[in-house]
Amino acid sequence: MDIRKETAAVLDAVLNLGTRAASLTDDSPLLGSIPELDSMAVVAVITSLEEHFGFEVSDDDIDGSTFQTFGSLVGFVTSKLG
């Protein structure tokens, strides 16, 4: 399983990023840099990640740093799959 590609695919499905999803790198900023990623979209992304990867996210699992960069989001998904 390629967690990076699958996480990018989830972001694309929720946010309709188009070609921008394929160009995400670990250093790509998310919150504040992708206009489509507002507070409601964060909830949709979390729900989609839970469904796609089959894990549960509690409120204590998430903070602002989770969505700071694409790399931090991939790291979060990786840790949940741990």
Side-chain angles (χ1 to χ4, degrees):
M1 170 186 324
D2 188 333
I3 296 171
R4 277 183 170 64
K5 283 186 182 179
E6 292 189 34
T7 302
V10 169
L11 284 175
D12 183 32
V14 174
L15 304 176
N16 298 313
L17 297 176
T19 58
R20 291 183 290 165
S23 65
L24 291 171
T25 67
D26 282 349
D27 296 328
S28 296
L30 297 179
L31 275 180
S33 295
I34 297 178
E36 297 88 347
L37 190 60
D38 59 16
S39 59
M40 294 301 294
V42 166
V43 173
V45 168
I46 292 168
T47 301
S48 295
L49 289 170
E50 288 177 318
E51 291 172 0
H52 182 84
F53 290 105
F55 57 69
E56 285 189 29
V57 177
S58 70
D59 291 340
D60 294 338
D61 292 340
I62 298 287
D63 62 30
S65 66
T66 304
F67 285 88
Q68 184 173 358
T69 64
F70 181 65
S72 64
L73 183 59
V74 170
F76 171 76
V77 170
T78 302
S79 72
K80 292 302 287 181
L81 294 172

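The first residue of the sequence shown is numbered 1, and numbering continues consecutively from there.
Every residue meeting the side-chain hydrogen bond (donor to acceptor under 3.5 Å, both in side chains) condition with D61, not counting sequence neighbours, appears here in chain and number order: S58, K80. Applying the salt bridge (charged side-chain N to carboxylate O under 4.0 Å, His left out) test to D12 and every residue at least two apart in sequence or in another chain returns nothing. Applying the side-chain hydrogen bond (donor to acceptor under 3.5 Å, both in side chains) criterion to S23, with sequence neighbours excluded, gives no partner residue. For T78, there are no side-chain hydrogen bond (donor to acceptor under 3.5 Å, both in side chains) partners, not counting sequence neighbours.
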Determine, stepwise, if the pair I46 / I62 fulfils side-chain contact (heavy atoms from CB on, under 4.5 Å).
-> CA-CA 9 Å; I46 292 168; I62 298 287; 4.0 Å; yes
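Closest heavy-atom contact between V14 and A44: CG1-CB, 3.7 Å. Pairing each heavy atom of A21 with each of L17, the nearest pair is N-CB, 3.9 Å. Looking at every heavy atom in both residues, P35 comes nearest to S33 through CD-O, 3.5 Å. When all heavy atoms of T25 and F70 are compared, the pair lying nearest together is O-CB, 3.3 Å.
Sorted by first and then second residue, the salt bridge (Lys or Arg N to Asp or Glu O under 4.0 Å) pairs involving residues 28-37 (not counting sequence neighbours) are R20-E36. Among residues at least two apart or in separate chains, side-chain hydrogen bond (donor to acceptor under 3.5 Å, both in side chains) pairs with a member in residues 47-56 are E6-H52.
Taken to the nearest 0.5 Å, the CG atom of L24 stands 5.5 Å off from the CD1 atom of I34. Note: L49 CG to I3 CD1 = 11.0 Å, rounded to the nearest 0.5 Å.
Under the 3.5 Å distance criterion, the side-chain polar atoms of S65 are left unmatched by any main-chain donor or acceptor of Q68. With hydrogens and angles disregarded, no donor-acceptor distance shorter than 3.5 Å links the side chain of T7 to the backbone of R4.
Note on M1: it clusters hydrophobically with V10, by side-chain heavy-atom contacts below 4.5 Å among ILVMFWY residues. Residues V43 and L11 do not share a hydrophobic cluster, defined by chaining ILVMFWY side chains whose heavy atoms lie under 4.5 Å apart.
In this structure the side chain of L73 reaches within 4.5 angstrom of the side chain of F67, judged on heavy atoms. Taking the side chain as every heavy atom from C-beta outward, L37 and L31 approach each other to under 4.5 Å. Using a 4.5 Å heavy-atom threshold, the side chains of T66 and V42 count as separate.
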